[in-house]
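In what follows, chains carry the letters A, B, and so on, assigned in the order in which the sequence lines appear, proteins first and then strands, with residues in each chain numbered from 1.
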Amino acid sequence: MEEAEKNQEVAADGLVPKLEKEEKEEVVSSSGKHEEEEQQVVEKIPEKQEDLMEKLEGLTVTKVADKAEDMADKPESVVNSERQQLDAAVEAETEIKKVIADDTPYTSAKTFEELNLSPELLQGLYSEMKFEKPSKIQAATLPMIVTPPYRNLIAQAHNGSGKTTCFVLGMLSRVDPKLKVPQAICVCPTRELVIQNEAVVVKMAKYTGVTTASTANADSSNSLTHSVSRRDRIVDQVIIGTPGTLKRWMTRDKILDTRSIKILVFDEADQMLDQSGFQDDSMRIMRDIDRSRGNCQVLLFSATFGENVKQFALRTIPRANYIFVEKEALSLDAIKQYKIHCPNPGAKIDVLQNRIFPAAEKLGQSIIFVRTRHSASELHKRLEADGYKCTSIQGGLSHEERDHVIQEFRSGETKILIATDVLSRGFDQAQVTLVINYDIPVKSVPPYTPEFETYLHRIGRSGRFGRKGAAFNLLVTDQDERNLRKIEQHFNTMISDVAWDDDNAIEKVLKDAGLA
DNA sequence: AAAAAAC
């Protein structure tokens with residue numbers, strides 16, 4: 001079982017953004033070792049498919065088996081195509097390992113030009129987005145996304161490495177602005193992410209004539225059974241939304257025509273497909289689109305794919321190309337992680353106010369993560385009562401309140417934001433240098449083991465696109481200690497101790513992190 | 001001893 005899973009695992013080390021590259025490159029560039037590893041990966045593929053066949057049941061088996069037979073039939077071409085993707089130059093610097101579903105040859109994109117994007121789209125990339133060349137994950141995935149036969153793709157890459165650009169370019173390159181019907185859908189887990197992603201689409205699409213619609217602009221849910229159903233059919237090409245509203249638009253309201261949808265994106269895909277996440281809605285959306293128009297390209301993107309959801313995704317998304325990263329390679333070196341053991345719950349406030357805030361003031365912006373909605377507003381009240389300027393956001397607030405809090409934080413007016421996990425994923429604000437886990441993320445049911453993926457997403461709110469960042473974990477109980485140790489082991493990363501009562505410890509540590 | 005969306 002474990003062997004099989006290991007074979008399944010395809011690592012993509014070094015999906016690191018530009019600024020961090022120098023360090024990483026030293027590690028990977030000199031030896032020819034990864035080349036050997038590549039060969040092994042190539043040779044293992046037929047065997048891997050057999051393992052997969054044994055493990056899977058039902059519908060999926062047929063598909064995977066077909067694939068395995070294909071491979072057995074023409075091992076030469078498979079091996080050849082695998083070799084073709086070992087594009088020497090790119091390979092040497094990216095160390096990306098990927099698996100492709102057929103014998104379509106893909107060459108890593110060193111420039112955006114070679115992707116055959118429209119001039120309008122390229123202009124958006126250069127003059128609006130100020131992008132020069134593809135990041136590593138972009139170089140690896142964009143050819144897979146935009147090259148016929150438009151295979152499905154499951155792609156994992158580090159926090160802040162440029163995944164959004166991958167799927168936004170994917171969507172924009174596939175839609176026809178002359179056709180006034182929905183052609184691309186992007187599903188996101190939160191309202192904030194919908195708004196953020198829509199802004200990227202609008203910016204990148206500036207010269208293309210493509211328009212967007214999003215569930216966040218729709219009227220809020222009270223008064224409007226009427227006004228929503230009265231809405232006209234959507235004529236925009238790119239639709240961005242949260243799963244519930246998208247589903248309603250497709251089924252009850254019938255304002256979202258899915259017959260022309262060519263590409264369907266799941267951002268934060270592991271959460272969107274997780275059973276305790278949005279699995280039901282996501283599957284429903286996929287099925288409905290598949291029924292009204294087959295052959296829709298599905299893209300899954302996330303920084304994390306826990307083992308279960310990874311297997312589910314591979315079973316669910318047929319004939320997908322995929323790229324995965326070993327979990328041990330996921331924590332970014334640019335984000336230094338610390339733990340502060342507090343003698344009692346009250347000391348958390350003390351550490352926050354007297355140790356962290358004074359140091360944080362000079363840095364940039366900070367996000368403090370807590371476990372519940374209630375503790376978000378409680379901590380907010382407490383800090384405000386003590387004279388600290390901060391805001392808080394959680395799903396219990398009205399949409400207007402949430403928008404307002406985010407807008408103030410985006411503008412830099414507020415430096416300290418208290419948040420539940422509504423903001424743990426995807427939120428992209430370059431100025432965030434500090435993440436504080438006021439509570440460690442844990443599962444909601446006994447034995448309250450750590451939520452590894454959430455931890456990684458939270459600390460990934462800092463250190464965007466290779467910038468430096470720091471994360472402080474406040475611990476009180478023995479269970480906190482145990483859970484943090486598990487997190488260290490899980491990601492094979494070092495979380496150093498900082499004394500809670502030392503005046504200078506935080507300052508010193510931030511200097512070490514390259515922040516002070 | 002939960003959060004997210006949304007009914």
Tell me: [atom1] of [X] to [atom2] of [N], nearest whole Å?
X	N	atom1	atom2	value
A/L246	B/dC7	CG	C1'	15 Å
A/Q394	B/dA3	CD	C1'	10 Å
A/D439	B/dA3	CG	C1'	13 Å
A/Q275	B/dA2	CD	P	19 Å
A/H457	B/dA4	NE2	C1'	13 Å
A/F266	B/dA5	CZ	P	17 Å
A/M250	B/dA5	CE	C1'	16 Å
A/R371	B/dA4	CZ	P	12 Å

Phosphate-side-chain proximity, [X] and [N], N/O vs OP1/OP2 below 4.0 Å:
X	N	value
A/R248	B/dC7	yes
A/T420	B/dA2	no
A/R425	B/dA3	no
A/R191	B/dA3	no

- Task: State which of B/dA1, B/dA2, B/dA5 makes the closest approach to the side chain of A/R402.
- Result: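 Nucleotide nearest to A/R402's side chain: B/dA5.
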- Message: Starting the side chain at C-beta, find the nucleotide from B/dA1, B/dA4, B/dA2 nearest to A/T372.
- Response: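 That would be B/dA2.
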- Would you check, one step at a time, whether the test side-chain hydrogen bond (donor to acceptor under 3.5 Å, both in side chains) holds for A/H457 with A/E453? CA-CA 6 Å; A/H457 284 280; A/E453 285 73 30; over 6 Å; no
Have a look at [X] and say if it touches a base, only the backbone sugar-phosphate, or nothing, with a 4.0 Å heavy-atom cut-off.
X	result
A/P189	sugar-phosphate
A/T454	nothing
A/E451	base

- Item | Under-3.5 Å donor-acceptor pair between A/T242 side chain and B/dA5 base |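 Between B/dA5 and A/T242, which were checked side chain against base, a qualifying N/O pair under 3.5 Å is absent.
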- Message: Between A/F324 and A/F305 (judged by ring centroids, cut-off 6.0 Å), do the two rings come close enough to count as a pair?
- Response: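 For A/F324 and A/F305, the ring centres are under 6.0 Å apart.
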- Task: Please report the closest heavy-atom contact between A/Q429 and A/F409, naming both atoms and the distance.
- Result: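 Taking every non-hydrogen atom into account, NE2-O, 3.0 Å.
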- Message: Between A/R467 (side chain only) and A/R464 (backbone N and O only), is there a donor and an acceptor less than 3.5 Å apart?
- Response: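 Present.
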- Query: Any side-chain heavy atom of A/F472 within less than 4.5 Å of one from A/L510?
  - Reply: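 With C-beta onward as the side chain, the pair touches.
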